[in-house]
Amino acid sequence: MTLVVSLTVYFLGDAKIKKILPGVLIAAAAILAVYFSTVQFLKIQYNPQTFFQPVEAKVDQTSMGQYSFALKLREYLPENSQGCIFFVNDLAGYYMRKELYPRSFGLVETAGKSCNYVVAQFAPLKHKGFEAVLVYKNNYLYKIKR
Amino acid sequence: MTDFWDLIFSGLAILSFFLMGLVFDYYFLSRRKLHFNLAIYFGLGLGIVTLFLMLLAIPGIGISRIFVLAVAAFVAAIPVLDKQLGKALRLAVLAQKKKFNFKILLFLVPVILCLGLAAMVTFSHAIWGYDALERWMAKASAFWFEGKITWANLHGLYLADDPNLWPLTAAWFFHFLGKASDFWVQLIPFTAFVCLVGEFWRKVRGSGFLGFGWLVILLLSPYIWGTIASFSYSGNADLLVSFYFLLAFGTLFEKRFVYSAIFFGLAGLTKNDAVPALIGFCVLLPLFKFWTREKVPVLAFAAGFGMLAMNVGWKYYFDLNSRFLQQDLDVIWSQRPIVEYTRYSLNAFREEFRFVDRWGIGFLVIMFFLAAKIRTFFIERWLLMGLLIFGVLFSSYIYIYYVTVEDQASHITSSIFRLALQVYPALLLLAYELSVYKYKSTRVQK
């Protein structure tokens, strides 16, 4: 509607309006850009202190602790190991799959015996055939008993 | 202390992109005439690294950290060893320095403060977004770990048909750093963002206060800075496409066709969404050359078709089909009503353009100038060619929404804002060119 009104005024207006209107529109758009950006920026509730934290702390915070869990897993698991990541949070799952490369870990919704190892993020995964071999801040690595 | 060295090596990695672009531009494109432009150098640098690593992948040659550092050191030595280039570079830097007067600084201080704030927010987190973790960073980590692209890591657990400019440049960055870091690698899109803003400023600064207004519209459109500042989007490739589109359309309007061809090509190597723009360029360039009787260098045609051949040839060589096009299109055409699907997509774009929380009223400004200055397209035909390329792009977006492998509404919901982001800066530039075209002709009449 605003576009139609602006164009109507532009095409029907005299030379003076034709000269002024584009400038007014650009100025209005710039002022509104400042306004909308400020609103959006306030919405993210940014805390400047996070910028001054050590990088590892920032990465661990963003990844909800999965960065440090992945470090532990990489220490424990040999590079040729294979297993499953129990799919509870898709982003955390994708992140862990990426972090464990070249270990071949696929995302599964039910972890069965075909998985050699099972990574469970944020919560334990109870099954009689699972043996917890690594526990780190409510994250678990299970080895499946054969 | 580790953070300090990581920062140093990250800075050196970014510098290596600039230097590669500078050297390539100086020796191969501008033939020993320095046209100092940091945005173009950065864009070319990313592209050179990508093409280099893609070519190495064909015979299966791998790279290591030592190799990457040696190549960067060699490139850095060129301006020192070539005295002519060194002198031209010094003069260009001095000329840039002279352009900065108090008035310009007064304009730029708030802009620099905004960029600083965006940097603070960006570097308060690591990458944590779907596309980034599922595809781009997953590929980058694999390419870095293996030291090369292989059939196995290209067809890993992620979508293989996505192009690789962003993962390959990230892998190059990781080699510099000596590790894969989802935190420091954000420096690549952030630098692209700064270059995008700087290049836009270079274009609009001639209009004085109004030019500053145009810059504010671009910089403070919430989704532009939000893409960089938000951990959900900071690892996406869309801003790189925006950057390449701005360079491609900007150089097209300046009639620097070789650069346009290269940048359209590099946009196509960043995301498949941009390939139709490259095809549109390759088809329209001969037609417009004939129509305008403008001198278009043969190299522009060669670069355009070469980039297209590289893109398609690479996909063919590594057996990378498109998940959208590799379907039974007969079934789709017979079962999906094309008019309704198209109308739905057009309405979705209309709604997206009205979304002030993402774009402010930027798209209103664009539409206003496209309609108000429609006559200009028939006077300045290269602007018309730009508009037609945008038309090709939007047609391709709508076609993909028609043949989508998922539900059309879901696909649109999850991607339309990213498509809008890709074209937004370049469309804003087109609107600016239209707005000043009148001023130019008025001045001539006076």
Side-chain angles (χ1 to χ4, degrees), chain A residues 1-4 6-7 10-11 18-19 21-23 25-41 43-44 46-56 58-64 66-67 79 90-102 104-107, chain B residues 2-3 6 114 117 119-121 123-130 132-134 137-138 141-142 145-146 153 156-158 180-184 209-210 212-223 225-226 229-231 356-362 364-365 367-369 371-372 435 438 442:
Chain A
M1 194 63 183
T2 320
L3 179 64
V4 173
S6 316
L7 286 170
Y10 182 79
F11 282 117
K18 277 198 168 84
K19 200 178 172 187
L21 190 61
L25 191 65
I26 292 161
I31 292 164
L32 285 172
V34 175
Y35 169 72
F36 288 120
S37 277
T38 310
V39 170
Q40 292 302 311
F41 186 74
K43 270 187 194 168
I44 62 175
Y46 175 61
N47 177 9
Q49 285 175 342
T50 51
F51 177 73
F52 299 101
Q53 287 178 348
V55 171
E56 283 204 357
K58 288 189 249 189
V59 178
D60 210 36
Q61 205 175 356
T62 313
S63 66
M64 298 178 284
Q66 294 308 299
Y67 169 74
E79 283 192 356
D90 39 10
L91 266 174
Y94 294 144
Y95 177 79
M96 191 54 76
R97 186 176 67 183
K98 173 181 85 67
E99 288 293 300
L100 291 181
Y101 190 88
S104 178
F105 275 68
L107 299 175
Chain B
T2 320
D3 289 357
D6 286 348
C114 286
L117 193 58
M120 267 189 84
V121 182
F123 293 101
S124 293
H125 58 69
I127 290 169
W128 192 255
Y130 282 92
L133 296 182
E134 192 190 3
M137 288 302 107
S141 300
F145 188 86
E146 307 275 356
N153 66 26
L157 297 162
Y158 23 77
S181 167
D182 293 345
F183 177 82
W184 292 108
F209 194 72
L210 272 187
F212 185 67
W214 282 99
L215 181 67
V216 171
I217 296 171
L218 175 82
L219 176 64
L220 293 184
S221 293
Y223 195 62
W225 61 262
S230 156
F231 54 73
V356 289
D357 278 358
R358 286 193 191 130
W359 312 109
I361 61 165
L364 174 80
V365 173
M367 296 303 166
F368 173 82
F369 283 107
S435 78
K438 186 199 163 196
T442 312

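All chains are named by letter (A, B, ...) in the order of the sequence lines, taking the proteins before the strands, and each is independently numbered beginning at 1.
Only the side chain of A:Phe52 comes within contact range of chain B, with at least one heavy atom under 4.5 Å from a heavy atom of that chain. Proximity to chain B is limited to the side chain of A:Glu99, based on heavy atoms less than 4.5 angstrom apart. Contact of A:Leu107 with chain B is not made at all, since no heavy-atom distance falls under 4.5 Å. Proximity to chain B (any heavy atom under 4.5 Å) is shown, for A:Ala27, by neither the backbone nor the side chain. For A:Leu32, the part lying near chain B is the side chain, with the backbone staying farther off; criterion is any non-hydrogen pair under 4.5 Å. When heavy atoms are compared at a cutoff of 4.5 Å, B:Trp184 approaches chain A solely by way of its side chain, counted from C-beta outward. Proximity to chain B (any heavy atom under 4.5 Å) is shown, for A:Gln61, by neither the backbone nor the side chain. Only the side chain of B:Phe145 comes within contact range of chain A, with at least one heavy atom under 4.5 Å from a heavy atom of that chain. Neither the backbone nor the side chain of A:Ile31 has a heavy atom closer than 4.5 Å to any heavy atom of chain B. Proximity to chain A involves both the backbone and the side chain of B:Asp357, based on heavy atoms less than 4.5 angstrom apart.
Each of B:Phe212, B:Trp225, B:Tyr223, B:Phe231 has some count of heavy-atom pairs under 4.5 Å with chain A, and the biggest count is that of B:Trp225. Of all the listed residues (A:Ser104, A:Pro102, A:Pro54, A:Ser6), the one sharing the greatest number of non-hydrogen pairs under 4.5 Å with chain B is A:Pro102. Considering only heavy-atom pairs separated by less than 4.5 Å from chain A, the leading option among B:Leu219, B:Val121, B:Val216, B:Leu117 is B:Val121. With respect to chain A, the highest number of heavy-atom pairs below 4.5 Å among B:Ala142, B:Cys114, B:Gly226 belongs to B:Ala142. Contact count against chain B (heavy-atom pairs under 4.5 Å) is highest for A:Ala92 among A:Ala28, A:Ala92, A:Gly106. Between chain A and the options B:Ala119, B:Pro222, B:Gly360, B:Ser181, the largest number of non-hydrogen pairs under 4.5 Å is found for B:Pro222.
Of all heavy-atom pairs between A:Ala30 and B:Gly213, the closest is CB-O, 3.8 Å. The two residues A:Gln66 and A:Met96 come nearest to each other via the heavy atoms OE1-CE, 3.3 Å. The nearest pair of heavy atoms linking B:Ser124 to A:Tyr46 is OG-OH, 2.7 Å. Residues A:Tyr10 and A:Pro22 come closest through the heavy atom pair CE1-CG, 4.2 Å.
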Decide side-chain contact (heavy atoms from CB on, under 4.5 Å) for A:Tyr95 and A:Tyr67; before the verdict, give the C-alpha distance in whole Å, the side-chain angles of both, and the deciding distance to 0.1 Å.
CA-CA 9 Å; A:Tyr95 177 79; A:Tyr67 169 74; 3.5 Å; yes

Is there a side-chain contact (heavy atoms from CB on, under 4.5 Å) between B:Asp182 and A:Val59 once you walk through the steps?
CA-CA 8 Å; B:Asp182 293 345; A:Val59 178; 5.5 Å; no

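The shortest side-chain heavy-atom distance between B:Glu134 and A:Arg97 falls under the 4.5 Å cut-off. Two residues are said to be in side-chain contact when any heavy atoms from C-beta on lie closer than 4.5 Å; A:Phe41 and B:Leu220 fail this criterion.
Put simply, the side chain of B:Ser141 never gets that close to the backbone of A:Lys98: no donor and acceptor are under 3.5 Å apart.
Aromatic ring centres of B:Phe123 and A:Phe51 lie farther apart than the 6.0 Å criterion allows.
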